[in-house]
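Quick notes on the structure that follows.
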Amino acid sequence: MNNPLISIANLRSLGASLSGTLVTAADHEYDDARALWNAMIDRRPELIIRAGELTDIPLALDFARSHHLPLAVRGGGHNVAGHGTVDRGLVLDLRACNKIMVNPSLRQVSTGPGTLLGELDQATSAHGLAVPVGVISRTGIAGLCLGGGFGWLTRAHGLTVDNLIAAEMYTPSGEKVRADARENPELLWGLRGGGGNFGIVADFTFSAHTLPETVLAGNLIYRAAHWRGALHALRDWAANLPDAMTVIATALVPPEEWELGTDTILAVGFVWADPDHAAGSACVERFTELAPPDVQDVAAISWPEWQSSMDDVFPKGVRAYWKNTGFDSLDDDTIALLVDKATQLTWPGTAFDLHVMGGAMGRVAEEATAFPDRSSAFWINIYGFWKEQAQDAHHREFIRGFHRDMSAVAEGGEYLNFSSTDAPTTGGFDALAVYGEQKYARLAALKRRYDPHNELRLNHNIKVTG
Ligand SMILES: Cc1cc2nc3c(=O)[nH]c(=O)nc-3n(C[C@H](O)[C@H](O)[C@H](O)COP(=O)(O)OP(=O)(O)OC[C@H]3O[C@@H](n4cnc5c(N)ncnc54)[C@H](O)[C@@H]3O)c2cc1C
């Protein structure tokens, strides 16, 4: 133990009170316990509490406070910016707190903060229901939801935050508060996009939506020669897309050799979230008539199967750097830029995802949630991951350069869940710029009320003094 303020007696007493386990650098599982999805974030916490039950949350809060330890909170550990850990501080890992209760008659589901998206999908699909979540089943619901939640049901049923109807949260002083439409509605508003700034969420309740036993889903895949045509077709298709159709177009270097070799491809992925598959197929045909794919892989598939189909492309322990922005028009200049950048994608792990926004997500009023900005018609997430530290500078520069060039044609905005941390080299996170004045003022007021001493600052931090 390096921290002289932590006595062996205090540690023993904490260990005895916890229902989970306490891990320090002296334990053989320390390296496993401190590891995040993004291996570029390599921190050495003083203590890691692997919570067993939710009652470990106030114990962790109290210990961190009384020992002046910075506290990092973690659910699925997928945070790209790496906020789920801290040097010389205390990490509260809630992964084991993953109880899920589905109420089919109310079409609601409550879940603990350690639940992974795949676990939630499995539990809800057993009742023919689904909550809109992200596209990789090993991501945690906690971080995803508190920041927004883009995925394959965004246009059909909104962001994850749009479906959050209640939460139970421990404030940094250990008080348990509920947030729903009647009790602390302003806090519920803040949790819908304001991140882990106000307390530690112990329980999330979501509205769930009826989903057919199988969804019509797939990828329409294009070689380089056809990218421009496919993106022009996407522009026209996106202008009149039914809500049931959510589309994410991805340019990527394939992780291994396949039918089209190893050359970079553009895959226009989609999910049709409606039982009428014939109508879904007709909708897809409107696109393929405009841009016949080189390969197409379309099937009626169960929701959990589709939701985990890309998991292995994103292995834990890679080094990652991501940037994103919103834009309104897939005009000729933007298409030319995207085609040019796609031809420069050179290593497996570099890609961009182009999310077609709008639909149910776009109809939620801007001020209804703290989610920063839902006005853009498209959102681009430019990402890279790799294995060797020696590649960090080159790959990060490629992503930054791509983002800089994209920013010239984009309206702007930042989806924080898709953001790496640049601080201190490039100024870091500017909450006022991301949220805008009105939302920032409301978030700062919540921060003053629930976390006046900024004890929860390892996040996209809202400053108490804002
Ligand atoms: C491979 C991959 C795929 C992704 N796909 C998508 C996607 O499809 N759609 C999308 O929208 N995003 C996606 N993301 C981004 C993802 O939403 C964020 O990385 C998110 O932070 C992950 O949540 P987590 O619980 O796994 O992360 P963690 O690292 O465990 O937590 C992230 C942060 O959330 C806060 N937090 C966590 N738990 C709590 C809690 N109980 N109470 C209060 N605060 C808490 C903390 O500040 C913490 O640092 C993806 C990320 C990765 C790496």
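When a ligand or atom number is given, it counts from 1 through the structure's own listing order. Heads up: numbering here begins at 1 and tracks the sequence.
Polar contact with ligand 1: present for Tyr415 (N/O pair, distance under 3.5 Å). Between Gly196 and ligand 1, no N or O atom pair is found at a separation short of 3.5 Å. Considering backbone and side-chain atoms together, His78 places an N or O closer than 3.5 Å to an N or O of ligand 1. Ligand 1 has no nitrogen or oxygen under 3.5 angstrom from a nitrogen or oxygen of Pro113. On a distance-only criterion, Gly75 and ligand 1 share at least one N/O pair closer than 3.5 Å. Geometrically, ligand 1 and Gly76 share a nitrogen or oxygen pair separated by less than 3.5 Å.
Taking all heavy atoms of Leu191, Val73, Asn79 into account, the minimum distance to atom 48 (C) of ligand 1 is reached by Val73. Atom 12 (N) of ligand 1 has its nearest heavy-atom neighbour, among Phe385, Phe418, Phe204, Trp322, in Phe418. Nearest residue to atom 7 (C) of ligand 1 from Phe314, Tyr170, Phe150 is Phe150 (criterion: closest heavy atom). Heavy-atom proximity to atom 16 (C) of ligand 1, evaluated over Val91, Asp353, Thr139, Thr85, is greatest for Thr139.
Within the 4.0 Å heavy-atom shell around ligand 1 one does not find Phe198. Within the 4.0 Å heavy-atom cutoff, Gly149 counts among the residues contacting ligand 1. Residue contacts with ligand 1 do not include Gly148, since none of its heavy atoms lies under 4.0 Å from the ligand.
A perpendicular orientation is assigned to the rings of Phe398 and Phe402, their planes being inclined by more than 60° (bins at 30° and 60°).
For Trp272, there are no side chain to side chain donor-acceptor pair (under 3.5 Å) partners, not counting sequence neighbours. Residues satisfying the side chain to side chain donor-acceptor pair (under 3.5 Å) test with His460, not counting sequence neighbours, are none.
For the side chain to side chain donor-acceptor pair (under 3.5 Å) test with Asp451, the passing option among His453, Lys447, Arg448 is Lys447; the others fail.
Here the heavy atom of the protein found nearest to atom 34 (O) of ligand 1 is Gly143 CA, 3.5 Å. Here the protein heavy atom with the shortest distance to atom 15 (C) of ligand 1 is Asn417 O, 3.3 Å. Protein heavy atom in closest approach to atom 26 (O) of ligand 1: Gly140 N, 2.8 Å. Scanning the protein for heavy atoms near atom 43 (C) of ligand 1, the closest one is Gly199 O, 3.3 Å.
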task: I would like to know whether Phe385 and Phe314 meet ring-ring contact (aromatic ring centres under 6.0 Å, His included); could you show each step before the answer?
output: CA-CA 8 Å; Phe385 55 86; Phe314 294 87; 5.4 Å; yes
